[in-house]
Engineer: 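Questions regarding the structure given below will be posed in turn.
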There are 2 protein chains.
Amino acid sequence: MATNELIERLLDTTESDAFEGVIDALQALDDSTFAPDDSPKSVAEAAALVGLSPHTLRYYEQEGLVRPGRNSAGYREYSALNLRRLVFLTRMRMSGMTMQDLKRYIALVERGAETEGERREIMLAQRDRIRRQLRELTLALVTTEYKLRSYGGHPDG
Amino acid sequence: MATNELIERLLDTTESDAFEGVIDALQALDDSTFAPDDSPKSVAEAAALVGLSPHTLRYYEQEGLVRPGRNSAGYREYSALNLRRLVFLTRMRMSGMTMQDLKRYIALVERGAETEGERREIMLAQRDRIRRQLRELTLALVTTEYKLRSYGGHPDG
DNA sequence: CTACGGATTCGAGTGCACTCGAAGGCAAGC
DNA sequence: GCTTGCCTTCGAGTGCACTCGAATCCGTAG
């Protein structure tokens, strides 16, 4: 998977120009991975593409986070744009953003460009949370490495 | 806070010797931070030191994760060893280890040194989970950076 | 002696994010 | 035309990890 390679490059990067380049590359990769063509996807197909269950996708819709179209039989049809939205939602959820905050954010998106300032605030707060989590996770990683090294030594669990 | 500096050094480190050195340094720092002296701590003091609520500490005890002593009045007394255990528990919880797995692990610890092999397996699995999470968080960070850069541009939320 | 903060136990309640089940509709294959 | 399988809606149920409340006990300060 080329994503890993790009992430490695990102983590090694210090100049902000290269950083931006990698971000764009990852975005392009996302688009081709999650929306391989323009044909609308059923709820099952969309779920498989983004790694959620059909149930969860319906739940997200009910909460106002996505609005897929409907075909003549009333079935959901997820466009490439819908899929991009779903990928964004899963990323944010995985990074600990709550459903409530996500609903607030998406409501702003639907209200249009004049809400960008407020959205920016939300994303800045989210970035801080992610950074703090990265720190905590690193600490946890250190702790498990320490445990792994200590077997046969320290007796304190 | 010196922890951050040590983490920076850790993340910049490639030789495994230096890696181990930093791990030990962090462990020593932990010990002095969370058990400043040898006097046993009350449930409120212990909670403040590790950043949990007294309620949660009692809950952990009820689940068999710590066994603080008791004073003559029946109050809990957390020793330095108990505190180390609590720090470990919070680190593992923060990194997404479930209460069930933690209970399993601690039960093995209490059974003594002959369970080290099994404990090692659990910690290896935990390390993998943490690494995966680091990857997911990085992806989420990239996504929020992308959003932050895109305001004024892309119209797709 | 009494008030007070903080300790104890126990079981019940909360919030989050799904997750499921029931009852039924639609379209392709035999 | 009937089965099969995925689709629909709706409300209810689940699992996790706390979190709280009520009733009671302990020890120091005034």
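Owing to the predicted nature of the structure, the values given are computational and were not obtained by experimental measurement.
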Engineer: Which part of the nucleic acid does B:Thr98 contact within heavy-atom distance under 4.0 Å: base, sugar-phosphate only, or nothing?
Structural biologist: sugar-phosphate
Engineer: Nearest to the side chain of A:His55, which nucleotide is it out of D:dG27, C:dT9, C:dG21?
Structural biologist: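 Nearest listed nucleotide: C:dG21.
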Engineer: Looking at C:dC18, C:dG21, C:dA7, which one has an atom nearest to any side-chain atom of B:Val43?
Structural biologist: C:dA7
Engineer: Return the value, rounded to whole Å, for the distance between atom CG of B:Asp101 and atom P of D:dG15.
Structural biologist: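 The distance from CG of B:Asp101 to P of D:dG15 comes to 16 Å, rounded to the nearest Å.
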Engineer: Taking CZ from A:Arg104 and P from C:dC16, how many angstroms apart are they, rounded to a whole number?
Structural biologist: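 Value for this atom pair: 14 Å.
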Engineer: Any Lys/Arg nitrogen of A:Arg132 or A:Glu136 sitting under 4.0 Å from an Asp/Glu carboxylate oxygen of the other?
Structural biologist: yes
Engineer: Between A:Arg70 and B:Tyr59, which is nearer to the 5' end of DNA chain D once each is assigned its nearest nucleotide?
Structural biologist: A:Arg70
Engineer: Could you tell me whether A:Arg127 and A:Glu121 have a side-chain N and a carboxylate O separated by less than 4.0 Å?
Structural biologist: no
Engineer: Rounded to whole Å, please give me the gap between NZ in B:Lys103 and C1' in D:dC18.
Structural biologist: 12 Å
Engineer: Out of D:dT8, C:dC20, C:dC18, which has the shortest distance to the side chain of A:Arg58?
Structural biologist: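 Of the candidates, D:dT8 comes closest.
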Engineer: Any idea which of D:dC18, D:dA17, C:dA17 is nearest the B:Tyr60 side chain?
Structural biologist: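 So the side chain of B:Tyr60 is nearest to D:dC18.
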Engineer: What is the distance, rounded to the nearest whole Å, between atom CD of A:Gln100 and atom C1' of C:dG15?
Structural biologist: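 In whole Å, C:dG15 C1' and A:Gln100 CD are 10 Å from each other.
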Engineer: Name the closest nucleotide to the B:Thr56 side chain, picking from D:dT9, D:dC18, C:dT19.
Structural biologist: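 When the side chain of B:Thr56 is considered, D:dC18 is the closest of D:dT9, D:dC18, C:dT19.
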Engineer: Starting the side chain at C-beta, find the nucleotide from C:dT9, C:dC18, D:dT8 nearest to B:Arg76.
Structural biologist: C:dT9
Engineer: Looking only at side-chain atoms of A:Met99, point me to the closest of C:dA27, D:dG21, C:dA17.
Structural biologist: C:dA17
Engineer: Can you check the A:Asn71 CG to C:dG25 C1' distance for me, whole Å?
Structural biologist: 12 Å
Engineer: Taking side-chain contact (heavy atoms from CB on, under 4.5 Å) as the criterion, tell me which of B:Met123, B:Glu118, B:Met92 meets it with B:Tyr105.
Structural biologist: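 Exactly one candidate clears the test, B:Met123.
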Engineer: Salt bridge or not between B:Arg93 and B:Glu63? Use side-chain N to carboxylate O under 4.0 Å.
Structural biologist: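 So B:Arg93 does not pair with B:Glu63 through a salt bridge.
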Engineer: Given C:dA7, D:dG27, D:dC7, which nucleotide is nearest the side-chain atoms of B:Ala44?
Structural biologist: C:dA7
Engineer: I need the CE-P distance between A:Met97 and C:dA17, as an integer number of Å.
Structural biologist: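 After rounding, the gap between these two atoms is 11 Å.
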Engineer: Check this for me: A:Gln100, atom CD, are more than 12 non-hydrogen atoms of other residues, nucleotides or ligands nearer than 6.0 Å?
Structural biologist: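 No, not enclosed.
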Engineer: Provide, to the nearest angstrom, the distance between the CG atom belonging to A:Leu52 and the P atom belonging to C:dA17.
Structural biologist: 14 Å
Engineer: Would B:Lys41 and B:Glu77 pass as an ion pair if we require N to O under 4.0 Å?
Structural biologist: no
Engineer: Which nucleotide wins on minimum distance to the side chain of A:Ser42, given the candidates C:dA7, D:dC20, D:dC7?
Structural biologist: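 Nearest to the side-chain atoms of A:Ser42, counting from C-beta on, is D:dC7.
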Engineer: For A:Leu57 and D:dT9, give me the distance from atom CG to atom P, rounded to whole Å.
Structural biologist: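 About 13 Å, once rounded to whole Å.
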Engineer: Examine the base of D:dG27 for any acceptor or donor lying under 3.5 Å from a partner atom in the side chain of B:Tyr75, and report the outcome as yes or no.
Structural biologist: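 When only heavy-atom distances are counted, B:Tyr75 does not reach the base of D:dG27 through any donor-acceptor pair under 3.5 Å.
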Engineer: From the list D:dT9, D:dC26, C:dT9, which nucleotide is the closest neighbour of the side chain of B:Ala73?
Structural biologist: D:dC26
